[in-house]
Visitor: 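So that we are looking at the same thing, I have put the structure below in structure tokens.
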Amino acid sequence: MTLDVEKIRRDFPILSKLVYGKPLVYLDNAATSQKPRQVIQALVDYYEGYNANVHRGVHALSMESTERYEEARRKVAGFIGAPSPENLIFVRNTTEGINLAASSWGAANIGPGDEILVTEMEHHSNLVPWQRLAKAKGARMRFIPVTEEGTLDLSDLDTLLNHRTKLVAMTHMSNVLGAINPVKDIGAKAHAVGARILIDAAQSVPHMPVNVQDLDCDFLAFSSHKMLGPTGIGGLYVRSETLEKMEPFLTGGEMVLEVTYDYATWNDLPMRFEAGTPNIAGSIGLGAAVDYLESLGMEQVHRRERELTAYALDTLKELSEEFNFYGPTDLNARGAIVSFNSPDIHPHDLGTMLDQGGIAIRAGHHCAMPLIRDRLGVAATARASFYIYNTKDEVDLLKAALKDALRYFSKTLAPK
Ligand code: PLP
């Protein structure tokens, strides 16, 4: 069964918007995705129908909102294959999930001389929290290098991983290169030396089947807003044996069982990690996004995006003299992200020009400054990133707009 893209597009009201009088071509999905009517409606239903605080009221509305909030947790936990909803902590986003792991687990388990292994392709979210922790604890950061092709160079992995390694924190899919990393294999090797593995799944959970039990990871973080859900909500999966020993991240209401003037005892899991009133509407909206993605099937989503990526790489190949394209050529090792750069046009100028034609791409360092600057050796790249509602026609429009930009910025280039 193939996905009916036209039908899918009708679910996304924003896709019929005109930008500067032109149909919107939204190719900035790695930054955030658009939202289907079903998700928007779930938010409206909550606020119109049963808005109340969760876990504390004895009245009907509160019981309904609590039930729907916990139902959302069950759906989201099921979506990533968590053994129990208790393993899923609702957080604001991937960034908060990783910071939670660094503060609650890292601070108690990383000490002087220990090593934290990350990759050279990390988003700042999965780099800065570990840098800060390493500095505070006298631990050492080590890096799995990136090859010229934009994949991980695993040739020294057996040396990089050693008895001092306490954590391997790595992205499942790079938001710049599109590379999908062999996190399961690396995780197995990390466990063999006694290290934990944290997966930054911000770019994988929205686009492909992800199962935390199959990956056998200790932590996995993701954001709702990149997977058709609302902003301000995301998930952190933590393996039970680790979660049970972790101290709370934030303290206050909701996360306690008993409080006196002198002490407090912690609530059950996962509430222990959800201090204060949570993002109730957001969680329910994320649950609706999961319903939507599951109705399509994540295998289908992944297959469709791979087709589109193959088409994009093939179509844009014609411009390979004018643009450098980054990321693996093997379609099994990459997702629906294409980063590129022209020596003659600054990515911001390119982004601005494409925007005039209604085409939204990203330009900049994509919150991966060390990768862009030190590894790729450029100040910025342009990035087109696709999702289930993008079409081959939109790829053609991108190519045509890039050719226009080349003509505009370099009058000497003959039109192809
Ligand atoms: N990790 C990766 C690989 C990302 O692409 C992003 C966002 O672009 C993040 C982490 C951070 O996500 P958020 O801003 O939702 O916390």
Side-chain angles (χ1 to χ4, degrees), residues 26-35 76 80 89-103 118-132 143-144 146 150-152 168-183 186 197-208 210 215 217 219-237 249 279 282-283 285-286 289 305 326-328 333-339 360-372 375-376 380-387:
Y26 187 76
L27 303 180
D28 194 17
N29 293 286
T32 200
S33 73
Q34 297 303 344
K35 323 299 174 198
V76 180
I80 57 162
I89 305 166
F90 279 133
V91 288
R92 276 193 303 143
N93 45 38
T94 307
T95 306
E96 187 173 278
I98 296 172
N99 274 275
L100 192 163
S103 297
V118 300
T119 79
E120 282 184 342
M121 60 170 83
E122 295 311 313
H123 187 282
H124 299 160
S125 292
N126 197 31
L127 178 61
V128 181
W130 306 118
Q131 279 176 346
R132 189 164 80 147
F143 296 86
I144 302 177
V146 172
T151 56
L152 290 181
V168 180
M170 60 186 309
T171 189
H172 200 175
M173 175 171 149
S174 162
N175 64 315
V176 176
L177 305 164
I180 299 174
N181 294 321
V183 288
I186 298 173
I197 174 140
L198 177 143
I199 299 177
D200 172 350
Q203 298 294 346
S204 59
V205 165
H207 300 280
M208 59 202 238
V210 170
L215 293 175
C217 55
F219 304 91
L220 183 134
F222 55 97
S223 299
S224 151
H225 69 94
K226 294 186 197 286
M227 54 186 286
L228 312 181
T231 50
I233 187 73
L236 175 70
Y237 160 82
F249 174 45
N279 185 348
S283 312
L286 171 57
E305 289 183 16
Y326 302 100
R334 75 175 295 157
I337 290 178
V338 182
S339 284
I361 61 157
R362 186 75 152 194
H365 53 63
H366 315 295
C367 293
M369 271 192 224
L371 170 68
I372 298 276
R375 194 66 197 83
L376 304 183
T381 73
R383 180 185 73 186
S385 52
F386 307 102
Y387 212 176

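Both counts, for ligands and for their atoms, begin at 1 and track the order of listing. Residue indices begin at 1 and follow the sequence shown. The model shown is predicted, which means the values in this text are computed figures rather than measured ones.
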Visitor: Asn126 near ligand 1, heavy-atom distance under 4.0 Å?
Guide: no
Visitor: Got an N/O contact under 3.5 Å between Gln203 and ligand 1?
Guide: yes
Visitor: Out of curiosity, is Lys226 lining ligand 1, as in a heavy atom under 4.0 Å away?
Guide: yes
Visitor: Could you tell me the residue and atom name of the protein heavy atom closest to atom 16 (O) of ligand 1, and the distance to it rounded to 0.1 Å?
Guide: Thr95 OG1, 2.5 Å
Visitor: Does the residue His225 have a heavy-atom contact with ligand 1, meaning some pair of atoms that are separated by less than 4.0 Å?
Guide: yes
Visitor: Are the side chain of Thr32 and the backbone of His225 linked by a donor-acceptor contact shorter than 3.5 Å?
Guide: yes
Visitor: Distance to 0.1 Å, residue and atom name: give those for the protein heavy atom nearest to atom 3 (C) of ligand 1.
Guide: Asp200 OD2, 3.5 Å
Visitor: Near Ala202, which atoms of ligand 1 are under 4.0 Å from a heavy atom of that residue?
Guide: 1 (N), 2 (C), 4 (C), 6 (C), 9 (C), 10 (C)
Visitor: Closer than 3.5 angstrom, by distance alone: can the side chain of Lys226 be matched with the main-chain N or O of Ser33 as a donor-acceptor pair?
Guide: no
Visitor: Do Val210 and His172 have side chains that approach each other closer than 4.5 Å (heavy atoms only, starting at C-beta)?
Guide: yes
Visitor: For Thr94, counting its heavy atoms only, list the atoms of ligand 1 lying under 4.0 Å from any of them.
Guide: 10 (C), 12 (O), 16 (O)
Visitor: Name the closest protein heavy atom to atom 11 (C) of ligand 1, giving the residue it belongs to and the distance to 0.1 Å.
Guide: Ser125 OG, 3.4 Å
Visitor: With respect to atom 9 (C) of ligand 1, which of His123, Met121, Glu122 exhibits the smallest heavy-atom separation?
Guide: His123
Visitor: Can a donor-acceptor pair be found, under 3.5 Å and without considering hydrogens, that links the side chain of Arg375 to the backbone of Pro370?
Guide: no
Visitor: Any atoms of ligand 1 less than 4.0 Å from a non-hydrogen atom of Ser223? List them with their elements.
Guide: 12 (O), 13 (P), 15 (O), 16 (O)
Visitor: In terms of atom number and element, which parts of ligand 1 are under 4.0 angstrom from non-hydrogen atoms of Asn175?
Guide: 5 (O)
Visitor: Do Ser223 and Thr94 have side-chain N/O donor and acceptor atoms under 3.5 Å apart?
Guide: yes
Visitor: Of all heavy-atom pairs between Cys217 and Ile199, which one has the smallest distance, and what is that distance?
Guide: CB-CD1, 3.7 Å
Visitor: Counting from 1, what ligand 1 atoms have a heavy atom of Thr171 closer than 4.0 Å?
Guide: 3 (C)
Visitor: Would the distance check show the side chain of Ser103 and the main-chain N or O of Phe249 forming a donor-acceptor pair, the cut-off being under 3.5 Å?
Guide: no
Visitor: Verify the ring-centre separation between His366 and His124: is it less than 6.0 angstrom?
Guide: no
Visitor: Report the distance from atom CG of Leu376 to atom CE of Met121, rounding to the nearest 0.5 Å.
Guide: 9.5 Å
